[in-house]
Amino acid sequence: MSHDMFCFQCEQTSSCAGCTGRVGVCGKSAEVANLQDELTGKLIGLARASDGNEAVNEGTWELLIESLFATLTNVNFDAAVIRTLIDRVEKEKKRLKPGCTFCADPCGRTGDFNMAELWGADEDIRSLKSLILFGVRGMAAYACHAMVLGYTDEAINWFFAKALFCVGEDWGMDDLLPVVLEVGEKNLACMALLDKANTETFGTPRPTEVPLEVEKGPFIVISGHDLLDLKHLLEQTAGKGINVYTHGEMLPAHGYPELKKYPHLKGNFGTAWQNQQREFDAIPAPILFTTNCLMPPKPSYADRVFTTAAVGYPEMVHVERDFTPVIEKALELGGYESDRTFTGINGGTSVTTGFGHGAVLSAADQVIDAVKAGRIRHFFLVGGCDGARPGRNYYTEFVKAAPKDTVILTLACGKYRFNDLDLGTIGGLPRLMDIGQCNDAYGAIQIALALADAFHCTVNELPLSMVLSWYEQKAVCILLTLLHLGIQNIRLGPTLPAFISPNVLAYLSEHYHIAPITTPEEDLKALLK
């Protein structure tokens with residue numbers, strides 16, 4: 001390949017085509033990008049070695065899932081960590097197939113895969129294989145969060161191997177299309193597993209108002225998605241005079257009873273992930289990243305960034321659930337000398353979260369009555385990933401323009417575009433309901449299925465429209481889940497994925513009526529029709 005790197009897995013990829021220089025738009029180096037390709041190729045080799053192998057064990061799956069997670073956008077920027085994972089995968093493959101290294105007559109069924117073959121393949125084959133690969137990368141994040149809570153599923157584990165295996169095979173479109181949809185099917189099961197893990201561990205989320213104020217004194221900001229990391233942090237900071245504030249996708253943690261019970265879990269700091277370099281500038285507190293989305297830290301706060309689990313960045317302090325260095329840094333920095341009030345994107349001073357499927361379905365009769373009485377005309381699911389590319393203000397304007405007899409369901413970090421707006425209520429129900437993190441798309445699906453059952457119709461016949469934003473690979477697996485369920489008429493933006501070829505896009509448009517966003521006014525008119 002003539003360029004230093006090739007990567008087009010995220011929405012902000014260069015020129016909507018692919019990052020091909022020495023540094024990607026996300027900030028990862030060509031070295032890391034190429035090492036991630038090497039790691040992926042070795043994971044395909046591991047999947048080949050796993051096929052029908054009775055020596056596969058829980059350690060095999062843990063390594064495979066952890067390694068896939070490390071290749072997500074904005075998770076791990078550390079070349080040394082990726083090299084270590086490469087070595088571990090190679091060692092595991094040799095354990096599964098101890099004689100292959102010395103075989104004089106190689107069968108070609110256990111070798112590693114050269115990712116250059118994928119990037120240089122026919123564009124339609126590359127498109128379908130990219131959907132599979134990026135989809136299981138996103139799914140690996142959810143599987144990893146469930147795994148650390150002690151919840152696993154053998155069928156999901158084996159599907160990771162199947163999906164990687166087929167990426168390395170010389171298959172045509174007819175063979176690959178069913179696997180694309182199977183990613184969506186297995187991701188639904190994976191999100192259900194994580195939902196069970198979270199609710200059985202931390203309780204059923206409840207609607208909770210979260211202040212955007214930071215009290216004086218030492219504090220820690222925790223970002224990402226991993227609720228167990230937050231629980232450990234809350235336990236280790238209890239009684240130490242240190243307050244804890246969520247950031248980004250950690251915001252929904254405030255709705256879980258077993259986390260909310262800690263009085264020093266105070267509120268939420270900042271907005272979406274892409275604003276962190278500005279919002280963390282000179283912050284008098286440490287920041288702990290538990291998952292994506294980490295951006296390259298600026299010198300003004302690099303000394304107070306800590307990573308854990310799958311996250312990594314060169315020269316940043318990495319901790320493994322013993323957060324003593326983070327606590328010491330919080331006490332050293334001391335926090336603000338007086339209370340500080342921050343605001344959301346639209347000037348709000350608080351946000352509300354915790355409208356998981358348990359909370360919404362507990363008020364199902366109220367929702368159904370409001371629909372039957374004509375008080376609620378339409379539901380919009382406006383959610384997904386946020387990002388820095390111009391045009392994402394579309395989602396703010398869409399929500400502002402939505403008629404007052406409509407309800408906005410939202411999830412993931414895309415909600416930061418509008419979650420501090422006061423949209424009022426309908427029949428005692430808030431018009432804006434934050435369902436939770438990106439993996440809580442499972443909850444949105446359960447709400448839709450329950451409404452469809454109540455009205456004796458299909459989900460596509462409900463007065464429900466999905467207007468989604470995407471940035472990285474978890475959005476890919478969620479989109480594939482919606483396609484697996486046959487959901488129609490999704491609006492997607494702010495741009496379409498660079499890895500979807502014109503022919504594959506035409507297929508999705510014809511069979512699922514997926515369309516790019518246009519303007520809030522035109523899309524509202526079309527969806528309400």
Side-chain angles (χ1 to χ4, degrees), residues 199 203-213 246 249-257 260 267-268 271-272 343-384 386 395-438 440-451 454-455 462-469 520 524 527-528:
T199 54
T204 299
R206 302 169 185 167
T208 303
E209 185 176 3
V210 183
L212 303 182
E213 179 186 67
T246 56
E249 281 273 65
M250 198 62 83
L251 166 64
H254 290 273
Y256 287 91
K260 187 180 177 182
N268 192 71
T271 53
T343 60
I345 296 293
N346 302 286
T349 57
S350 68
V351 294
T352 302
T353 189
F355 289 96
H357 62 95
V360 176
L361 294 181
S362 68
D365 291 342
Q366 193 176 354
V367 173
I368 293 166
D369 289 344
V371 174
K372 289 181 176 179
R375 291 191 296 273
I376 296 178
R377 177 173 32 148
H378 206 86
F379 295 87
F380 292 106
L381 175 60
V382 186
D386 206 353
Y395 298 95
T396 310
E397 298 308 315
F398 184 98
V399 169
K400 286 181 177 179
K404 293 185 177 180
D405 57 356
T406 63
V407 170
I408 309 295
L409 304 173
T410 190
L411 49 80
C413 60
K415 63 176 167 273
Y416 279 104
R417 293 281 168 171
F418 48 79
N419 67 338
D420 61 323
L421 289 171
D422 182 3
L423 299 184
T425 61
I426 297 178
L429 297 167
R431 284 190 59 224
L432 177 60
M433 300 184 192
D434 175 14
I435 297 172
Q437 297 179 342
C438 53
D440 291 311
Y442 172 78
I445 290 168
Q446 297 310 301
I447 293 169
L449 292 175
L451 288 173
F455 289 106
L462 286 171
L464 168 67
S465 300
M466 299 192 181
V467 184
L468 307 180
S469 55
L524 277 167
L527 294 172
L528 288 171

Which atoms form the tightest heavy-atom contact between [X] and [Y], and what is the distance?
X	Y	result
Pro205	Ala359	O-CB, 4.0 Å
Ile435	Ala444	CD1-CB, 3.8 Å
Gly414	Ser469	CA-OG, 4.4 Å
Leu528	Pro403	CD1-CG, 3.8 Å
Arg375	Gly427	NE-CA, 4.2 Å
Asp386	Arg417	OD1-NE, 2.9 Å

May I ask you to decide if [Y]'s main-chain N or O and [X]'s side chain share a donor-acceptor pair within less than 3.5 Å?
X	Y	result
Thr406	Lys404	no
Thr353	Leu251	no
Gln446	His357	no
Lys400	Leu423	no
His254	Gly267	yes

I need the single residue from Leu381, Leu432, Val399 that forms a side-chain contact (heavy atoms from CB on, under 4.5 Å) with Thr410. Which is it?
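With Thr410 as partner, side-chain contact (heavy atoms from CB on, under 4.5 Å) holds for just one option, Leu432.
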
Given the rule in the ring pair (Phe, Tyr, Trp, His ring centres under 6.0 Å) test, do Phe398 and Phe418 qualify, once you have shown the distances and angles that lead to the verdict?
CA-CA 10 Å; Phe398 184 98; Phe418 48 79; 9.1 Å; no

Return the set of residues passing side-chain hydrogen bond (donor to acceptor under 3.5 Å, both in side chains) with Asn346 (not counting sequence neighbours), or none when no residue passes.
Asp420

Quick one: do the Ser350 and Glu209 side chains pair a donor with an acceptor below 3.5 Å?
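Indeed, the side chains of Ser350 and Glu209 share at least one donor-acceptor pair under 3.5 Å.
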
Under a 3.5 Å cutoff, is there a donor and acceptor pairing between the side chains of Thr246 and Asn268?
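Distance-only check passes for Thr246 and Asn268.
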
